[in-house]
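All residue numbers refer to positions in the sequence shown, counting from 1. Just the heavy atoms: all of them, side chains too, but no hydrogens, waters or symmetry mates, feed the values below.
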Amino acid sequence: MFDEIMEKFEGSPGQQRVIRLLLERGFSVNDDGRVVSGGIEIPDTQVAREVGVDRRVVDSTTEAILADPDLRRIFQNISQIPSLMDLAPVLDLTVVTIAVQDADEPGIVAEVTRRFADRGISLRQTISEDPEFTDEPRLYLVVDGEIPGDLVTELTELSFVRHVETRVR
């Protein structure tokens with residue numbers, strides 16, 4: 001899906017940057033062509049500054065979104081999920097990031113979370129990036145306390161895991 005969306009803007013790298021930002025941040029486009037987060041409008045100049053384009057590129061991108069029924073359906077229904085990852089150091093939590101070989105493989109989240117449950121480690125939050133919307137999707141787990149080294153080793157040895165990283169409080 002991500003590739004299909006980006007193809008619609010292949011002639012404009014600036015518009016592709018706007019699209020990527022909207023998807024990464026969970027920003028919507030309202031009926032007036034304004035970028036919003038919930039009911040809060042985000043000025044085009046702010047969006048443009050963030051991705052390094054002129055505000056008119058943001059306008060043309062939102063116009064293109066509204067003109068395309070498929071894009072309109074996506075960008076009028078996307079929403080943001082609050083994440084504990086940036087708050088982890090403040091809340092004394094640990095973030096485990098897992099990069100996988102093939103994010104479309106079924107059972108990845110179930111297998112990883114089972115390993116934590118088997119050790120009695122409670123998950124505060126789990127976020128899995130959609131392989132349709134990002135080039136290198138990752139699985140993020142936010143947990144109380146530190147992760148035992150042998151669990152990190154066990155996760156690393158799973159056939160579908162490419163890399164495991166922990167960010168301790």
Side-chain angles (χ1 to χ4, degrees), residues 1-105 108-109 112-113 123-143 160-169:
M1 175 65 73
F2 178 75
D3 291 337
E4 293 170 19
I5 293 171
M6 295 305 275
E7 282 176 19
K8 293 181 184 237
F9 297 94
E10 69 183 345
S12 175
Q15 286 184 322
Q16 285 182 331
R17 289 198 300 273
V18 172
I19 291 294
R20 186 177 298 276
L21 177 76
L22 297 178
L23 291 171
E24 287 174 353
R25 304 281 173 86
F27 293 156
S28 299
V29 176
N30 68 17
D31 287 332
D32 298 324
R34 308 300 297 168
V35 176
V36 295
S37 179
I40 301 169
E41 189 173 304
I42 302 164
D44 288 350
T45 53
Q46 293 297 105
V47 174
R49 187 176 302 128
E50 180 72 15
V51 297
V53 299
D54 186 89
R55 71 161 181 77
R56 291 173 292 197
V57 174
V58 178
D59 287 337
S60 65
T61 306
T62 59
E63 287 171 10
I65 287 169
L66 293 178
D68 183 299
D70 293 329
L71 292 177
R72 184 181 196 117
R73 222 174 21 255
I74 291 168
F75 286 97
Q76 289 202 322
N77 290 295
I78 194 169
S79 63
Q80 196 172 28
I81 298 172
S83 170
L84 293 175
M85 290 189 304
D86 292 333
L87 292 173
V90 176
L91 299 177
D92 220 20
L93 303 172
T94 298
V95 178
V96 179
T97 304
I98 301 175
V100 297
Q101 306 290 347
D102 179 9
D104 289 324
E105 185 177 326
I108 292 172
V109 175
V112 169
T113 57
L123 301 173
R124 295 280 301 268
Q125 187 174 52
T126 304
I127 299 171
S128 61
E129 295 177 330
D130 189 319
E132 292 289 326
F133 288 102
T134 185
D135 295 331
E136 293 187 31
R138 288 175 165 54
L139 173 62
Y140 301 96
L141 302 107
V142 181
V143 302
F160 54 80
V161 172
R162 217 171 12 102
H163 176 74
V164 176
E165 177 183 316
T166 60
R167 188 175 68 198
V168 180
R169 320 179 219 202

I'd like to check the side chain to side chain contact (heavy atoms under 4.5 Å, CB included) partners of [X]; sequence neighbours left out, ordered by chain and number.
| X | result |
| --- | --- |
| L66 | V29, R72, Q76 |
| A64 | F9 |
| V161 | I98, L158, V164 |
| E165 | T97, H163 |

Run the salt bridge (Lys or Arg N to Asp or Glu O under 4.0 Å) test against [X] and tell me which residues pass, sequence neighbours left out.
| X | value |
| --- | --- |
| D32 | none |
| E50 | R25 |
| E7 | none |

Measure the [atom1]-[atom2] distance between [X] and [Y] for me, rounded to the nearest 0.5 Å.
| X | Y | atom1 | atom2 | answer |
| --- | --- | --- | --- | --- |
| L93 | R167 | CG | CZ | 10.0 Å |
| I40 | S28 | CD1 | OG | 12.0 Å |
| I108 | F160 | CD1 | CZ | 5.5 Å |

(request) Determine which pairs satisfy side-chain hydrogen bond (donor to acceptor under 3.5 Å, both in side chains) with at least one residue from residues 39-49, sequence neighbours left out, and list them in order. (result)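 Counting only pairs at least two positions apart or across chains, the side-chain hydrogen bond (donor to acceptor under 3.5 Å, both in side chains) contacts touching residues 39-49 are R34-E41, R34-D44, Q46-R49.
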(request) Give a yes or no answer on whether the side chain of T126 reaches the backbone of L141 with a donor-acceptor pair at less than 3.5 Å. (result)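 No; judged by distance alone, with no hydrogens or angles, the pair does not exist.
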With sequence neighbours left out, write down each residue that passes side chain to side chain donor-acceptor pair (under 3.5 Å) with [X], or none if nothing qualifies.
| X | result |
| --- | --- |
| S37 | Q80 |
| R56 | D54 |
| N30 | none |

(request) Identify the residue among T62, V58, D59 that makes a side chain to side chain contact (heavy atoms under 4.5 Å, CB included) with V47. (result)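 One option only clears the test, and that one is V58.
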Looking only at heavy atoms, what is the nearest atom pair of [X] and [Y], with distance?
| X | Y | result |
| --- | --- | --- |
| Q125 | L84 | OE1-N, 2.7 Å |
| I78 | F27 | CG2-O, 3.0 Å |
| S128 | V109 | CB-CG2, 4.3 Å |

Could you give the side-chain donor-acceptor pairs of residues 14-23 under 3.5 Å, partners two or more places apart or in another chain?
unit_1	atom_1	unit_2	atom_2	d
Q15	NE2	S60	OG	2.9
Q16	NE2	M6	O	3.0
R17	NE	V51	O	2.9
R17	NH2	G52	O	3.3

